[in-house]
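First comes the structure, then the notes that go with it.
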Amino acid sequence: MQLDDATIQAFVTKHPHWSYATGALHSTRTFATFMAAVAAINAIAHEAEAADHHPDMCISYTELVITLTSHDQGGVTERDLALATRIDTVAAS
């Protein structure tokens with residue numbers, strides 16, 4: 001079920017690496033090296049596969065842009081918040 005804006009805003013307030021716009025959660029992460037960014041995208045891919053919920057990700061040298069939305073629900077759901085939280089953990093390590 002799609003979440004209301006207040007719930008999503010409460011989430012992004014507590015998770016400063018995320019923003020909310022155009023029906024999706026967005027995060028841009030910068031890493032020290034290209035290989036660190038590649039390692040992060042691979043770790044995130046494993047988490048996404050385990051959750052059967054796959055974000056859009058784009059890498060440009062040391063920058064990784066992540067977009068999360070539940071296309072089948074037309075917006076952000078609990079699944080997106082859960083995966084965003086896992087991404088925070090993975091990206092920090």
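Note that the numbering runs from 1 along the sequence shown for the chain.
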Review point. Hey, what do you get for SG (C58) to CG (L64), rounding to the nearest 0.5 Å?
Key: 8.0 Å
**Study point:** Hydrophobic cluster membership, Y61 vs V65, 4.5 Å side-chain cutoff
**Key:** no
Revision key, fill the gap. Here the pair of heavy atoms bringing D88 nearest to H15 is OD2-CD2, 3.1 Å
Practice item. Determine yes or no for a side-chain-to-main-chain donor-acceptor pair under 3.5 angstrom, with T7 supplying the side chain and L3 the backbone. Key: no
Check your understanding: How long is the gap from CD on Q2 to CG on D72, to the nearest 0.5 Å?
Key -> 10.5 Å
Check your understanding: Can you check whether P55 reaches L68 side chain to side chain, under 4.5 Å on heavy atoms?
Key -> yes
Practice item. Output all residues satisfying side chain to side chain donor-acceptor pair (under 3.5 Å) with S27, sequence neighbours left out; order by chain, then residue number. Key: R29
Check your understanding: Which heavy-atom pair separates I59 from A37 by the least distance, and what is that distance?
Key -> CD1-CB, 3.6 Å
Point to revise | Side-chain donor or acceptor of S60 paired with backbone N/O of E63 under 3.5 Å | key: no
Exercise for review: Nearest 0.5 Å please: distance from the OG atom of S70 over to the CE atom of M1.
Suggested key: 12.0 Å
Exercise for review: Report yes or no: does T77 contribute a side-chain atom to a donor-acceptor pair with the main-chain N or O of R79 at less than 3.5 Å?
Suggested key: yes
Review point. So, the side chain of D80 versus the backbone of T69: is there a donor-acceptor pair under 3.5 Å, distance only?
Key: yes
Study note, to complete from the structure: Rounded to the nearest 0.5 angstrom, the CD1-CD1 distance for I44 and I87 is 5.0 Å
Check your understanding: With distance as the sole test, does H26 use its side chain to make a donor-acceptor pair with the main-chain N or O of A21 at under 3.5 Å?
Key -> yes
Review point. F11 and T85: which non-hydrogen atoms are nearest, and at how many Å?
Key: CE1-OG1, 3.5 Å
**Study point:** Where V76 and A24 come nearest, the two heavy atoms and their spacing
**Key:** CG2-CA, 3.8 Å
Check your understanding: Any side-chain heavy-atom pair from I66 and D56 closer than 4.5 angstrom?
Key -> no
Exercise for review: Report yes if some heavy atom in the side chain of F31 is under 4.5 Å from a heavy atom in the side chain of V38; otherwise report no.
Suggested key: no
Point to revise | CH2 on W18 to CG on L25, rounded to 0.5 Å | key: 6.0 Å
